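One structure is given below, encoded as structure tokens.
As the structure is a computational prediction, the values presented were derived from the model and not from experiment.
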Amino acid sequence: QVQLVESGGGLVQAGGSLRLSCTASGRTFTNYAAAWFRQRPGWDREFVATITRSGDYTYYADSMKGRFTMSRDNAKNTVYLQINSLKPEDTATYYCAADTVDPGPLYWSGSLTGADFGSWGQGTQVTVSS
């Protein structure tokens, strides 16, 4: 499996922006689709966004569309999550995940979950103050 390390979290005021990064090592990253999940206090882990191996297609949870943008730079073995107009309810630990799956069919079938991804980072904490 690929090893993943997230960074970029922190404390930010509501309305601000953050860009989270996730850098992969250990395997050829272009063989892996990637995703972001988050876990808010008291909530189950939830899907945020996923991106195909090439970066040509990105898919978002309905509630994440508009303020969240996922991208990747395969030359840097890194995926990103840009979060704009942060809200206190975005406070969560954000996790990067990767696997060799094609996330598109899983996303459109409504069956994409964290179980589809075998590699996970340790998470990066995002705290949004009001």
Side-chain angles (χ1 to χ4, degrees):
Q1 298 291 352
V2 66
Q3 286 77 51
L4 303 170
V5 178
E6 301 99 333
S7 61
L11 175 63
V12 63
Q13 288 189 332
S17 298
L18 279 177
R19 188 177 78 158
L20 309 183
S21 299
C22 171
T23 300
S25 63
R27 292 289 187 269
T28 303
F29 192 48
T30 51
N31 290 337
Y32 288 80
W36 287 96
F37 291 79
R38 72 180 186 183
Q39 186 155 21
R40 295 183 282 178
W43 291 68
D44 291 335
R45 183 177 62 192
E46 58 184 327
F47 166 69
V48 176
T50 187
I51 192 167
T52 55
R53 300 169 193 174
S54 64
D56 287 345
Y57 297 95
T58 310
Y59 307 96
Y60 298 90
D62 287 343
S63 61
M64 312 295 175
K65 292 177 181 177
R67 296 190 299 116
F68 294 76
T69 302
M70 185 174 185
S71 60
R72 70 188 293 164
D73 184 343
N74 283 338
K76 296 182 178 179
N77 289 345
T78 300
V79 296
Y80 304 97
L81 184 68
Q82 177 74 35
I83 315 173
N84 296 327
S85 302
L86 278 156
K87 304 176 181 180
E89 51 264 42
D90 293 322
T91 295
T93 302
Y94 285 75
Y95 296 92
C96 176
D99 208 287
T100 56
V101 297
D102 180 357
L106 294 170
Y107 174 84
W108 291 115
S109 69
S111 63
L112 189 147
T113 70
D116 296 309
F117 296 88
S119 297
W120 289 80
Q122 81 289 349
T124 186
Q125 178 67 37
V126 172
T127 302
V128 184
S129 63
S130 57

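- The backbone N or O of Arg67 lies less than 3.5 Å from no partner atom in the side chain of Tyr60, so there is not a single donor-acceptor pair.
- Other residues, nucleotides and ligands place more than 12 heavy atoms under 6.0 Å from the NZ atom of Lys65.
- Contacts of Asp116 classified as salt bridge (charged side-chain N to carboxylate O under 4.0 Å, His left out), with partners at least two apart in sequence or in another chain: none.
- The side chain to side chain donor-acceptor pair (under 3.5 Å) search around Gln1 returns Ser119, not counting sequence neighbours.
- Hydrophobic cluster of Val101: the remaining members, joined at side-chain heavy-atom separations below 4.5 Å, are Phe37, Phe47, Tyr57, Tyr59, Tyr95, Leu106, Tyr107, Trp108, Leu112, Phe117, Trp120, listed by chain and number.
- When all heavy atoms of Ala92 and Arg38 are compared, the pair lying nearest together is CB-CB, 4.0 Å.
- Remark: side-chain polar atoms of Asn74 are paired, donor with acceptor, to backbone N or O of Arg53 under 3.5 angstrom.
- For the residue pair Leu4 and Ala24, the shortest heavy atom distance occurs at CD2-CB, 3.7 Å.
- Distance CG/Leu18 to CG/Leu86: 5.5 Å, rounded to 0.5 Å.
- For Asp44, there are no salt bridge (charged side-chain N to carboxylate O under 4.0 Å, His left out) partners at least two apart in sequence or on another chain.
- Each side-chain hydrogen bond (donor to acceptor under 3.5 Å, both in side chains) pair with one or both residues in residues 18-37, not counting sequence neighbours, appears once here: Thr23-Thr78.
- Considering CD of Gln13 and OG of Ser130, their distance stands at 9.5 Å, rounded to 0.5 Å.
- Within the structure, disulfide bond (SG atoms under 2.5 Å apart) contacts touching residues 99-130 (residues at least two apart or in different chains) do not occur.
- Listed by first then second residue, pairs satisfying disulfide bond (SG atoms under 2.5 Å apart) with a partner in residues 48-77 number zero, not counting sequence neighbours.
- The two atoms that bring Met64 and Val48 nearest to each other are CG-O, 3.7 Å, heavy atoms only.
- Take Thr127 and apply the side chain to side chain contact (heavy atoms under 4.5 Å, CB included) test, not counting sequence neighbours, and it matches Leu11, Thr91, Gln125.
- The closest side-chain heavy-atom distance from Val128 to Lys87 is not below 4.5 Å.
- With sequence neighbours left out, the side chain to side chain donor-acceptor pair (under 3.5 Å) criterion links Asn84 to Ser17, Gln82.
- Sequence neighbours left out, the pairs with a member in residues 77-130 that pass disulfide bond (SG atoms under 2.5 Å apart) are Cys22-Cys96.
- For CD of Gln122, the number of neighbouring non-hydrogen atoms (other residues, nucleotides, ligands) closer than 6.0 Å is greater than 12.
- Among residues two or more places apart in sequence or in another chain, the salt bridge (charged side-chain N to carboxylate O under 4.0 Å, His left out) test is passed with Arg72 by none.
- With sequence neighbours left out, the salt bridge (charged side-chain N to carboxylate O under 4.0 Å, His left out) criterion links Arg45 to no other residue.
- Across every non-hydrogen atom of Phe68 and Ile83, the tightest pair is CE2-CG2, 3.6 Å.
- Not one N or O on the side chain of Thr93 forms a donor-acceptor pair closer than 3.5 Å with the backbone of Thr124.
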